[in-house]
Amino acid sequence: MAEKTTQNLDEVTIRFAGDSGDGMQLTGMQFTNTTAILGNDLSTLPDYPAEIRAPAGTLFGVSGFQIHFGSTEINTPGDQCDVLVAMNAAALKVNLGSLIDGGTIIANTDGFNDKNLKLAGYATNPLVDESLQRFHLHSVDITKLTGHALQSMNLSSKLVDRSKNFFALGMMYWMYNRPLETTIEWIQKKFGNKPDIMEANLKVLKAGWNFSETTEIFSVRYEVGPAKLAPGQYRNITGNQALAWGLMAAAKKANLDLFLGSYPITPASDILHELSVYKHFGVKTFQAEDEIAGVTSALGASFGGALGVTTTSGPGVALKSEAIGLAVMVELPLVIVNVQRGGPSTGLPTKTEQSDLLQVLFGRNGEAPVPIIAAATPADCFQTAFDASRIALKYMTPIFCMSDGYLGNGSEPWLIPDYNALPDIAPKFRTEKEGFFPYLRDEQTLSRPWAIPGTPGLEHRIGGLEKQHITGNVNYEPENHEFMVRMRAEKVERIANDIPLAEVEGDVQGDVLVVGWGGTYGSIKSAVARHRLRGNSVSHLHLRWLNPMPRNVGEILYKFKHVLVPELNLGQLVKVLRMKYLVPAVGFNKIQGLPFKAVDIEKKIEEILKGTK
Amino acid sequence: MAEKTTQNLDEVTIRFAGDSGDGMQLTGMQFTNTTAILGNDLSTLPDYPAEIRAPAGTLFGVSGFQIHFGSTEINTPGDQCDVLVAMNAAALKVNLGSLIDGGTIIANTDGFNDKNLKLAGYATNPLVDESLQRFHLHSVDITKLTGHALQSMNLSSKLVDRSKNFFALGMMYWMYNRPLETTIEWIQKKFGNKPDIMEANLKVLKAGWNFSETTEIFSVRYEVGPAKLAPGQYRNITGNQALAWGLMAAAKKANLDLFLGSYPITPASDILHELSVYKHFGVKTFQAEDEIAGVTSALGASFGGALGVTTTSGPGVALKSEAIGLAVMVELPLVIVNVQRGGPSTGLPTKTEQSDLLQVLFGRNGEAPVPIIAAATPADCFQTAFDASRIALKYMTPIFCMSDGYLGNGSEPWLIPDYNALPDIAPKFRTEKEGFFPYLRDEQTLSRPWAIPGTPGLEHRIGGLEKQHITGNVNYEPENHEFMVRMRAEKVERIANDIPLAEVEGDVQGDVLVVGWGGTYGSIKSAVARHRLRGNSVSHLHLRWLNPMPRNVGEILYKFKHVLVPELNLGQLVKVLRMKYLVPAVGFNKIQGLPFKAVDIEKKIEEILKGTK
Amino acid sequence: MSALIEEIMKQSPPPSDQKPSAKDFQSDQDVRWCPGCGDYSILAQTQRVMPDLGIPRHQMVFVSGIGCSSRFPYYMNTYGFHSIHGRATAIASGLKMARPELSMWVVTGDGDGLSIGGNHMIHLLRRNLDINVLLFNNQIYGLTKGQYSPTSEQGKVTKSTPYGSLDYPFNPASLALGSSATFVARTLDRDPKHMQTIIKRAAQHNGTSFVEIYQNCNVFNDGAFFKFTEKDSKDDTVIFLEHGKPLIFGKEKEKGIRLNGYSPEVVSLKEGKWSQDDLLVHNEKDTTLSFILSDMTYKAGLPRPVGIFLAIDRPVYEQEMVRQISFAKEKRGDGDMVKLLHSGDTWAVQ
Amino acid sequence: MSALIEEIMKQSPPPSDQKPSAKDFQSDQDVRWCPGCGDYSILAQTQRVMPDLGIPRHQMVFVSGIGCSSRFPYYMNTYGFHSIHGRATAIASGLKMARPELSMWVVTGDGDGLSIGGNHMIHLLRRNLDINVLLFNNQIYGLTKGQYSPTSEQGKVTKSTPYGSLDYPFNPASLALGSSATFVARTLDRDPKHMQTIIKRAAQHNGTSFVEIYQNCNVFNDGAFFKFTEKDSKDDTVIFLEHGKPLIFGKEKEKGIRLNGYSPEVVSLKEGKWSQDDLLVHNEKDTTLSFILSDMTYKAGLPRPVGIFLAIDRPVYEQEMVRQISFAKEKRGDGDMVKLLHSGDTWAVQ
Ligand SMILES: Cc1ncc(C[n+]2csc(CCOP(=O)(O)OP(=O)(O)O)c2C)c(N)n1
Ligand SMILES: Cc1ncc(C[n+]2csc(CCOP(=O)(O)OP(=O)(O)O)c2C)c(N)n1
Ligand code: SF4
Ligand code: SF4
Ligand SMILES: [Mg+2]
Ligand SMILES: [Mg+2]
């Protein structure tokens, strides 16, 4: 048996790529869970096509999953990958660009037959011509080897083909020295009722591992030690799952039923799927006939005393905007989750983008202020959804809870929060008849009483026509209208009393302040960190609350020579900062359906620093 | 017969007020037409309740119509009225506040019986108690007098009651020395097929006139000479009618069929009504099942080579926003007319407001730029709609044509434009197969070719997914997406090459620049004029194009010490100016469902000037 | 139901022994319909019927969209929601799922419920939540001052159709039946007694009740239904459907409906050729028959069917939802957030 | 039609004497459905039928919404519009009104056409524009990876309904009939011949043609219709409706459908008790019968009716619109903008 040496690494980025039918997402998630449990810090980026199962071997059918893990702090899924697992020629073609020079390629030779090469647009086979010399190429006939491993079972070739991804996974487990247990258990649970598929996958997984252990092709294997994470109990979690759990936690704390009215849409559907599992938590999920019924049913539920929630993506928000205006007028709690995707219109449904900020801020008729909170990382979606619910209930208002495709599908290790330590949410249903008026506001929060149907003596009517202050009766008086418009605006402004002041990462004054919001947190953080290591005067402000903004944002901005606002759009937060604070903030924009690379932001900061010198 | 003296006046404001069933709108329009034909300049403000025919005598059932006319230039419907015609107690109660001290009241005593007084909340009859001493009160039992006039005809009391508004009209005609002809002809045309109603109305109209002529109560009558208007042929026109005609003119010039897909909504419905009359112009109007079908049917018609138009108000725009994003993506011409009303939600459906600017600018998912043009006066709606159509066709883009309830229902004398002198609109349908690509853009305008179904050899497919540059094929490539997003933005920016530079009314630099948009034109103009008369350094910039803005707006703003932005909202244009030009523009906002009073703006400017001293 | 809400429900006073009156269901708001509007009668009948339902006011909710008809909730001294155009059925659905114990009413118009709100309507009907829908059909858009509606007859001249409308009208009953509704009825604003029975039956039905009410808009579409409501004509133009009874109509009950094959035809009971036994007998429980009867609606020569077309039982959406939840709780125990957070693969970091 | 467009229409080449082939209707785009998807068959049949219609490619438009099915237009070498979710019918309506001479096709799914797009669908059907609607019913949301749809059977376990769906499914044929459709049919992805005849008939129908096509989604709802499409079962589970023919089915055509009163029931033709003459005879022109037949769809013990339920003539919306316009032009002459601007009360200012 061959001698194998072991190298230590701080961090590695691996990308699994193959046909949408090859199960790359599953393979990636398995590697992720195993890696998480080993105590590495990590960040992932699933990247799949809009088609369900595009014909095999086509370029547009390629599905990829990238994982960046290490013994150091990991903030992004990795700008480039060190290892590329390519199940066929198209996968290589599409992803080669993101492989570092000198990186490793593991190619399934069976996926490079003439048909594959033609579909991928290769004139000659890159595995045999000289074109890949820059890289460490390992050609392995994974399909054939999988077949061998399963000979004894004589399964259909279709079934055999289906499990070849486990062979690749086994190889990667060996190469990065990870145990098989987690995946073995998962396979046993998942395919418990399909014994031969279970057995096949187990066999192949181990075959992949053994193959790497015994053959010559891999001379080195790598060791990536656990990261120094804060002590505690951890789990790996995706943004969509964390968001769903955050809503459930809030409802529990508030002693309310959670009602979700939603219409499926990528990339938000998984929240609906997740919540529909928790009937034993009293969660009610309603797949409506469209987005409008999704949001209006949720508003109806809120009227009835539930925590009404609706989940969607940009096009759905557009459809809901009239109803959200109604929620503003009737002042009922309503959480609107927007998992943003590439626009405009249907755009790039499976890609990520941050281009809905101005829509959620302004996309309604009339003066219809709605608070906005945005999650910064996949795990952060939990706290964000929790806070959104808390504010919606306390201020009797609709609220936008912003996520995006990258956050929703991406995952990271999560220090499991102490549920009991989470702040209490204590909504009050009005019950005293004495002195009840539907629009008599709380002096501090300006929120109106929540008097739900079924409460004796509080019968009242609400609606979308302008309301009279206090009585809530329909009222067309000029002064009352102006008063109510300003009152609704003031109510949302007052939420600023309820949110923490913004905190700068780095010095509170200096040359460049990089301001971000949402899913760009990781890449900005890394870019800023690199500059700070080099002693540059660069700081990072990441806004969790977009409306209202923390009271100290202005002061902070004024303390820096330059304000740079990187966004995955054409510049939206930057517009808001300029209009609110009249600072000459400049945007740095990428709108390609992909997250920022830390290095791009790093370079941009560089430029600005040069300018200042 | 009593001696009557005649006084000359430069301008007068009269308000007719009564039950929604009393025909005040009709009365007002009649007085308006007669006055217009006399050559006065004028401006009107209809003000009616959301209810169709609220029960008689109630405060919320009061319907009013104000007309401001004179021998001088008239820019607004008048801050206050000089004469109030009150058909009942509620009408007096609701409108007394807008009557100047020393103003004239003509009250229909029959409308002040105990029931009326109770409904209006009067403890004692204001016609007999001392409360109206500040005013010239003329109590006339219009109802009874109408009855007398019709005795001979023995009509039902219901019919008699219906014509009493003509008595009031007759009185006003006498008082302001206007001929009866126009109204007589109108009555004859309108009630031609209902002879006795026709006769009744004619009798009553003359009775009102004779009554004033012969009785003592009116000792003076007034003379308001014609205004010095630019020579030419004039007509009186409302904003909604002018807008409809502007669309028709554009379609004719462009040699296209006009297709309107619309769903009724106040205050935009009249455009649908108006256009549906002109079948002989080839206009196709489609009352759709909802706003979404309204806009999507129009977009379908545009795909087919028609000038596709959809008309609505704020809540309808909200519903259309997803489809407008599609129009941005498929790059077809589409005119979206938004006759704004009081919001949010259903808000104040029959009142005016300017609170949809940010919605139309930003209310779509993804980066979906749409040009915006706004009318400044009722008659200006014609040119605005014409220009909107021209740009939509030239740049192959959806475009917002903004109006509001005040403009749509209000009217003014209009110097009839020379149709043949209007600019040509020459849309080209692509027909050559050679080198045709659906997204191969015109180098100057960046617009794509319009290749309509039925054209041999140009079969192609469009849609809402991201398009590949030139080919228009579905494309998910990162760089292509960014390229196309920026291309769509650039295309809209280039419209600035096609619109005139902004022009300041007054000096091009100084202390205060008052910047407005839309229907506030008249009140701002008057306010600024009054200051300039007093020699104050105040100028007026009214923006017709909100997106893109004329190239010189920045320069203009920078030349003034203060920039004041009056808007009928909480500050929307002011936000845009601050974000675009980083000028410390301040807003002056009123949001009461009513136009500005010139005097309010005048005072606000005063304040600012004081500040500067 | 959440703990908090149970709290409140407990406060519900014991049903007082003295029955409330129609007046108790009148709110303090002035009614703002045009004098003479058919809506007044519908409001009156509804308020008259409510006391008989034995449901306390505070457990009733009226949800509406936008339109003259949709002003209805303001006038009922119950909980109410005057929402946005076309969405009442969707809002009511959410509220009903959240609070199955409430008595839910939707008031809508032919525009609100069948034009912009058509989609939510047909989906509500197939889902069969226990909601009572009163559709005021005046064959016109009242509130927006008189455009034609999806139920207006073809060729109707209105503000938006000076040359006459081109749309073929919906037959609301057939649309409801085609949407798999479980309760479909039609009644008349000018027949108070009949309206009262129908509203009561709708309330008693467990599932979605769709009630079309012919309503006169005396301002923009006056007399649209006089043929069916006025003395001189109604006996010959309307046939009242009664479960288990043969289809008879006419001043002296001298005419009947018989199936010729499967097509309804009018036969005279006077010539002696046909007797009651030859007539079609109504059966509320038969879906096929319900289609046959509602298809008579626009057929020339046939009387307009009024009454209950269909009233069948089918599982009720929100009740099934509750069942699933209790089932899940039995099977998996009450959800425990702490357990959930720590479920699946987790690991400790020292 | 506007002058500019007439220009273009003139350029239309004289119909070439040699008939185009199915291949001519294939676009240059690669088809991106999952291998084995039922959509492939529908695409193939459509392309096969097109040449027989005698309409040149450039005068055909395929409009769709969003969904796997809605990718269809990309694969047809005609004009196409892949629009937004649920709106294809509305877009097609506008296009058809603007260009009545075009051959209009809408391709939609059970989610696109009946869930979010339900309202536009029922309104299109009542208006009766000359548009052919192909509804691919796979009883699932394919593109969004497998949630249940408005046609999914109750109790369906999907990603969004782990405890089973609660919604009672639409019967698309009944919904269409309830919407006053003039042409309603059903066919099967795995019966190419039948699909071809139905598509042809739909194209020939003057008015809106509603065609429900049972389509297998082999990834998320595999085999949903195998009962009706596979050799071993189909003869006993499906009955093909043919105008003027008695309703017979079964392997040896040994079974038939008879009306018991007005309820369809299965009778055997073998025992000698019943013969062909006792059977229900199909009549495409009879609206009442169409309801009776489509109501069989979900009834236990009855075969699934497939074929043309109804095909009647009614004025076509856009053709009436054209008529009104020419009438107006005759009556008032071609609109003259200058005249209009100066119409009514005007006055001169010197
Ligand atoms: C989104 C939206 N679109 C349009 C309107 C305007 N609108 C109000 S009520 C109505 C139709 C009313 O007709 P119907 O539902 O029959 O009620 P009715 O007044 O006849 O009782 C319309 C079009 C609106 N308020 N909101
Ligand atoms: C406004 C909007 N809402 C939701 C979606 C997500 N979506 C795309 S297709 C689809 C349903 C597809 O089902 P169906 O119409 O049956 O087509 P199939 O894929 O089954 O052929 C949904 C919910 C969307 N694209 N746009
Ligand atoms: S407009 Fe018609 S429907 Fe509306 S309130 Fe008046 S009469 Fe009734
Ligand atoms: S997901 Fe289903 S419907 Fe969609 S392409 Fe694949 S097999 Fe066909
Ligand atoms: Mg109506
Ligand atoms: Mg489907």
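Chain letters run A, B, ... following the sequence lines, proteins first and then strands; every chain starts at 1. All figures in this text were calculated on a predicted structure; none of them were measured in a lab.
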**Q** With a 4.5 angstrom heavy-atom cut-off, is it the side chain or the backbone of A:Leu275 that approaches chain D, or both, or neither?
**A** neither
**Q** Minimum heavy-atom separation for D:Val31 and A:Pro55, please, with both atom names.
**A** O-CG, 3.3 Å
**Q** Quick one: what part of A:Ala288 sits under 4.5 Å from any heavy atom of chain D, side chain, backbone, both or neither?
**A** backbone
**Q** Using a 4.5 angstrom heavy-atom cutoff, name the option from A:Gly61, A:Ala56, A:Pro264 with the most pairs to chain D.
**A** A:Pro264
**Q** Applying a heavy-atom distance below 4.5 Å, give me the residues of residues 173-188 of chain D that approach chain A, sorted by number.
**A** none
**Q** Below 4.5 Å from any heavy atom of chain A, which atoms of D:Cys68 appear? Answer side chain, backbone, both or neither.
**A** side chain
**Q** Inter-chain polar pairs, chain D versus chain A: which donor-acceptor atoms lie under 3.5 Å apart?
**A**
from: D:Arg32; atom 1: NH1; to: A:Glu51; atom 2: OE2; distance (Å): 3.2
from: D:Arg71; atom 1: NH1; to: A:Glu51; atom 2: OE2; distance (Å): 3.0
from: D:Arg71; atom 1: NH2; to: A:Glu51; atom 2: OE2; distance (Å): 3.1
from: D:His85; atom 1: NE2; to: A:Tyr263; atom 2: OH; distance (Å): 2.8
from: D:Ser115; atom 1: OG; to: A:Glu289; atom 2: O; distance (Å): 2.8
from: D:Ile116; atom 1: N; to: A:Glu289; atom 2: O; distance (Å): 3.1
from: D:Tyr141; atom 1: OH; to: A:Tyr263; atom 2: OH; distance (Å): 3.4
from: D:Gln147; atom 1: NE2; to: A:His273; atom 2: NE2; distance (Å): 2.9
from: D:Tyr148; atom 1: O; to: A:Gln287; atom 2: NE2; distance (Å): 2.8
from: D:Ser160; atom 1: OG; to: A:Gln287; atom 2: OE1; distance (Å): 2.5

**Q** Less than 4.5 Å to any heavy atom of chain A: does that hold for the side chain of D:Ile66, its backbone, both, or neither?
**A** side chain
**Q** Counting heavy-atom pairs under 4.5 Å with chain A, which one of D:Leu166, D:Val219, D:Ile116 comes out on top?
**A** D:Ile116
